[in-house]
Amino acid sequence: MARILAAVALLAALPAQADIVTPNRTIRAKELIAPTDLVQEPGEMPGVYAHPAEVVGYEARVTLYPGRPIRAGDVVPPAIVDRNDLVSLVFVQSGLTITADGRALGRGAVGDTIRVMNLASRTTLSGRIMADGRIEVD
């Protein structure tokens, strides 16, 4: 029992060791991050990712350099709508649904609000990107 208590006391006295995630190659902005792009290194730093699974499939918001930890603001969900893409505009209210063709004036991921232009009227609107790529206008 004394050995167990001594071991627990020794472990409690040691500093907690965490890991940090760094790229193993230069990852350009707007590039998707793959599992083979990341390395897990020993270290402890607040505000950085500790597990590769937390960033795989995300998109780099800025250029990521090898050996530098990936911070929380460095990655974003992948964009599904790019600037100048042709999109479907959807307006839904009180059971009425109106659809129109539009052009994206911005780039974004699911849930982002971007500006779009109605191709028929040339009116600029704002809308939220839905999971299927359609834009729900206000």
Side-chain angles (χ1 to χ4, degrees):
M1 183 65 154
R3 286 185 183 168
I4 295 174
L5 291 175
V8 169
L10 179 63
L11 288 176
L14 294 175
Q17 207 42 261
D19 290 333
I20 57 174
V21 175
T22 63
N24 61 9
R25 66 174 186 87
T26 301
I27 301 172
R28 303 278 177 218
K30 299 181 183 177
E31 193 175 335
L32 287 180
I33 299 172
T36 57
D37 297 333
L38 304 173
V39 177
Q40 198 169 11
E41 297 179 358
E44 194 171 347
M45 188 178 288
V48 300
Y49 288 101
H51 301 288
E54 296 174 320
V55 294
V56 170
Y58 277 72
E59 180 178 285
R61 189 180 64 79
V62 295
T63 301
L64 304 173
Y65 296 99
R68 293 188 185 170
I70 300 175
R71 297 172 300 165
D74 292 344
V75 296
V76 293
I80 62 168
V81 173
D82 281 319
R83 188 174 192 280
N84 287 326
D85 278 355
L86 294 177
V87 294
S88 290
L89 308 177
V90 180
F91 176 78
V92 179
Q93 187 173 21
S94 303
L96 173 70
T97 302
I98 301 172
T99 60
D101 293 328
R103 181 173 303 278
L105 300 177
R107 182 176 192 279
V110 174
D112 288 349
T113 298
I114 62 169
R115 292 179 342 129
V116 292
M117 180 177 61
N118 181 324
L119 292 177
S121 66
R122 302 283 187 210
T123 303
T124 301
L125 309 161
S126 290
R128 188 175 53 84
I129 301 173
M130 298 167 49
D132 60 0
R134 296 183 303 160
I135 310 295
E136 184 176 27
V137 295
D138 306 326

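- Scanning both residues, V81 and A104, for their nearest heavy atoms gives CG1-CB, 3.6 Å.
- With a 4.5 Å cut-off on side-chain heavy atoms, D19 and P42 count as touching.
- Looking only at side-chain heavy atoms (C-beta outward), T99 and S88 stay at 4.5 Å or farther from each other.
- Counting only heavy atoms from C-beta outward, the side chains of V116 and I114 approach each other to under 4.5 Å.
- The two residues V110 and A131 make their nearest non-hydrogen contact at CG2-CA, 3.9 Å.
- Y49 and V56 fall within a single hydrophobic cluster, where Ile, Leu, Val, Met, Phe, Trp and Tyr side chains are chained together by heavy-atom contacts under 4.5 Å.
- Under a hydrophobic clustering in which Ile, Leu, Val, Met, Phe, Trp and Tyr are joined whenever their side-chain heavy atoms come within less than 4.5 Å, directly or via other members, L89 and I98 fall into the same cluster.
- Counted within 6.0 Å of CZ on R68, heavy atoms from surrounding residues, nucleotides or ligands total 12 or fewer; the atom is thus considered open.
- The CZ atom of F91 sits 9.5 Å away from atom CD of E136, with the distance rounded to the nearest 0.5 Å.
- Taking hydrophobic clusters as Ile, Leu, Val, Met, Phe, Trp and Tyr residues chained together by side-chain heavy-atom distances below 4.5 Å, L96 shares a cluster with V137.
- The distance from atom CD of E59 to atom NZ of K30, rounded to the nearest 0.5 Å, is 8.0 Å.
- Between the side chain of D132 and the backbone N or O of R134 there is at least one donor-acceptor pair closer than 3.5 Å.
- Rounding to the nearest 0.5 Å gives a distance of 10.5 Å between CG of L64 and CZ of R28.
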- [ ] Kindly determine whether D112 and R128 satisfy side-chain contact (heavy atoms from CB on, under 4.5 Å), including the steps that lead there.
- [x] CA-CA 6 Å; D112 288 349; R128 188 175 53 84; over 6 Å; no
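- Between atom CZ of residue R71 and atom CD1 of residue I20 there is a gap of 12.5 Å, rounded to the nearest 0.5 Å.
- The two residues V21 and A50 make their nearest non-hydrogen contact at CG2-C, 3.6 Å.
- Annotation for R107: atom CZ counts as buried by contact number, over 12 foreign heavy atoms lying within 6.0 Å.
- Contact record, P77 with A109: O-CB, 3.8 Å, taken as the closest heavy-atom pair.
- T26 is listed as a side-chain neighbour of T63, based on a closest heavy-atom distance under 4.5 Å.
- Across P78 and Y58, no two heavy atoms sit closer than the pair CD-CA, 4.3 Å.
- In this structure, V76 is not a member of the same hydrophobic cluster as I33, with clusters built from ILVMFWY side-chain heavy atoms closer than 4.5 Å.
- Each of V75, I27, V62 was compared with I70 under the side-chain contact (heavy atoms from CB on, under 4.5 Å) criterion, and only V75 meets it.
- Applying the 6.0 Å contact sphere to CZ of R115 captures no more than 12 heavy atoms from other residues, nucleotides or ligands.
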Open item on the list: For L86 and L119: C-alpha separation, side-chain torsions, deciding distance, then whether side-chain contact (heavy atoms from CB on, under 4.5 Å) applies.
Closed with: CA-CA 9 Å; L86 294 177; L119 292 177; 3.9 Å; yes
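- With a 4.5 Å cut-off on side-chain heavy atoms, I135 and I129 count as touching.
- Annotation: the span from Y65 atom OH to R25 atom CZ amounts to 13.0 Å, rounded to 0.5 Å.
- No single ILVMFWY cluster, assembled from side-chain heavy atoms under 4.5 Å apart, contains both L105 and L125.
- A 4.5 Å side-chain heavy-atom check between P23 and D37 finds every atom pair outside the cut-off.
- Between D85 and D82, the closest heavy-atom pair is OD2-N, 2.8 Å.
- Between Q40 atom CD and N24 atom CG the span is 13.0 Å, to the nearest 0.5 Å.
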